[in-house]
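See structure below.
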Amino acid sequence: MDWIDVSVPIREGMPTYPGDPPVHIALASSIADGANANVSRLEMSSHTGTHVDAPAHFIPAGPGVDALPLDALIGPAYVVDARSLRGPIDAAALHRLGIPDGETRLIFRTRNSDLWERSAFSADFIGLDGAAAATLVGRGVRLVGIDYLSIAPEGAPEPTHVELLAAGIVILEGLDLRSVPPGPYELVCLPLRVVGADGAPARAALRAR
Ligand SMILES: [Zn+2]
């Protein structure tokens, strides 16, 4: 089976979370201008496109993205079909989604994926509320992913992020799951090893198992 690249292409003008620095990519030296090589300067938020949140994102003095264990980021994952939901994924909705026991990397495929077809940031995304996050902590989940720029519902980022990050759960945001049917997969997700950072862009790929 082939790997499916579920990362969002990083480019100038791509949708970013409101208030975060926009993406700028430009040649710092260029062959066309007489340099012997092309070298680009990348300017972006640590939460650009497909990225991982580290505890330091919401927890003062929490571990940075470089301290996240690779074995949480690589391994069996389950893509949960949450496309029928119109509102936040709360504890009751989570229960109805019928997530198989024993899955420790959960990736929520929601209507959000379609928002990548828009050129600007969209506020009408859905996320997990704090109670749903607490339920996942209780299940022993190690990684939670979603297909837009926040794991939490619009306007209420704190309870969900704090619940998951305080428990050491890796948050994977900004996935593009448009071409991923729900079900069991292998996940490879490798965030950049930025020392002490609150998050970092990541390449992420899924392969059916
Ligand atoms: Zn983030």
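FYI, side chains are in, hydrogens and waters are out, and symmetry mates aren't considered; it's all heavy atoms of this structure. Remember, it's 1-based here, ligands and their atoms both numbered in the order they're listed.
In summary, the aromatic rings of F108 and Y148 are positioned with their centroids too far apart to meet the 6.0 Å limit.
The nearest N/O/S atom of E173 to the Zn ion (ligand 1) is OE1. With respect to the Zn ion (ligand 1), H47 has ND1 as its nearest N, O or S atom. Its N, O or S atom nearest to the Zn ion (ligand 1) is what matters here, and for D53 that atom is OD1.
Ionic pairing of R178 and D147 is not present here: no N-O contact between side-chain nitrogen and carboxylate oxygen is shorter than 4.0 angstrom.
For residues 58-80, the side chain to side chain donor-acceptor pair (under 3.5 Å) pairs, not counting sequence neighbours, are D71-R142.
Side-chain contact check for L190 versus L70: some heavy-atom pair is nearer than 4.5 Å.
Taking 2.8 Å as the criterion, H57 does not count as a coordinating residue of the Zn ion (ligand 1), since none of its N, O or S atoms falls below it.
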